[in-house]
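One-based numbering, in listed order, for ligands and for the atoms of each.
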Amino acid sequence: MVLKSLQINGFKSFADKTTIDFGTGITGVIGPNGSGKSNLTEAVRWVMGEQSVKSLRGERMQDIIFAGSDTRPPLSRAEVTLTFDNKKRDLNWDHDEVTVQRRLFRDGESEFLINGRKLRLKDVANLFLDAGLGRHSLTIISQGNVEAIFGNKPEARRFLIEEPAGVAGFKLKKQQAQQQ
Ligand code: ATP
Ligand code: MG
């Protein structure tokens, strides 16, 4: 799976529309303390469906919207977009390019879109789980998480392995089927 770009607009410290194009190979992000490196990874987790406000270092979900600075007023919405090259159909979506977008407005209204189509959080979660990716997956390890992983109970650690292996998606579908 190839992540082509990340676009952030109004998420945390990213008040201006910011696009990061990922080339081939490894991308490193460097910058002084407080410059927004962690905010970047949080933006990725958020657009992939992160629902834990605490793990986004906030108290309410709206805390992820740019809150204003000495020189700029607060914004009314946050938007993050991931663009994938899907020529190999790593994502179960019949397009060569897939964009996944999440928006949140200050009144609490939120939206998920895949290729511009409004869908549910569940659809976005399934799209990534089927591809062995997910918001809890080992593909994103945040600051402080390494210790948490080693300190975890075995069952919790197993989940971290099941998600990239694609097992978590099956388990979720089984659970959903059983509830119906
Ligand atoms: P470190 O090297 O210390 O880990 P970092 O580069 O990871 O730093 P972040 O934690 O990503 O930095 O960024 C923190 C900055 O983001 C702080 O200055 C904080 O004020 C700002 N910030 C967080 N939420 C918002 C928000 N809603 N609106 C505006 N700025 C925000
Ligand atoms: Mg950081």
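- Comment: Glu59 does not engage Lys54 in a salt bridge, judged by the lack of any side-chain N to carboxylate O separation of less than 4.0 angstrom.
- For ligand 1, the polar-atom distance check against Gly31 finds no nitrogen or oxygen pair separated by under 3.5 Å.
- When non-hydrogen atoms are compared, ligand 1 lies under 4.0 Å from the side chain of Arg57 (C-beta onward) but not from its backbone.
- Nearest to atom 30 (N) of ligand 1 by heavy-atom distance, out of Ser13, Ala67, Gly68, is Ser13.
- The N/O atoms of Ile65, backbone and side chain alike, include one that comes under 3.5 Å of an N/O atom in ligand 1.
- When distances to the Mg ion (ligand 2) are checked against a cut-off of 2.8 Å, Ser38 contributes an N, O or S atom below that limit.
- By the 4.0 Å N-to-carboxylate-O rule, Asp123 lies too far from Lys118 to be salt-bridged with it.
- Comment: Lys12 engages Glu42 in a salt bridge, judged by a side-chain N to carboxylate O separation of less than 4.0 angstrom.
- For ligand 1, the atoms closer than 4.0 angstrom to any heavy atom of Pro32 are 6 (O).
- Residues Asp96 and Arg89 are paired through a salt bridge, judged by an N-O separation under 4.0 Å between the basic side chain and the carboxylate.
- Remark: the Asn39 side chain and the Arg57 side chain contain an N/O donor-acceptor pair separated by less than 3.5 Å.
- Ligand 1 has a nitrogen or oxygen under 3.5 angstrom from a nitrogen or oxygen of Gly34.
- Between the side chains of Ser55 and Arg45, a donor-acceptor pair is found at a separation under 3.5 Å.
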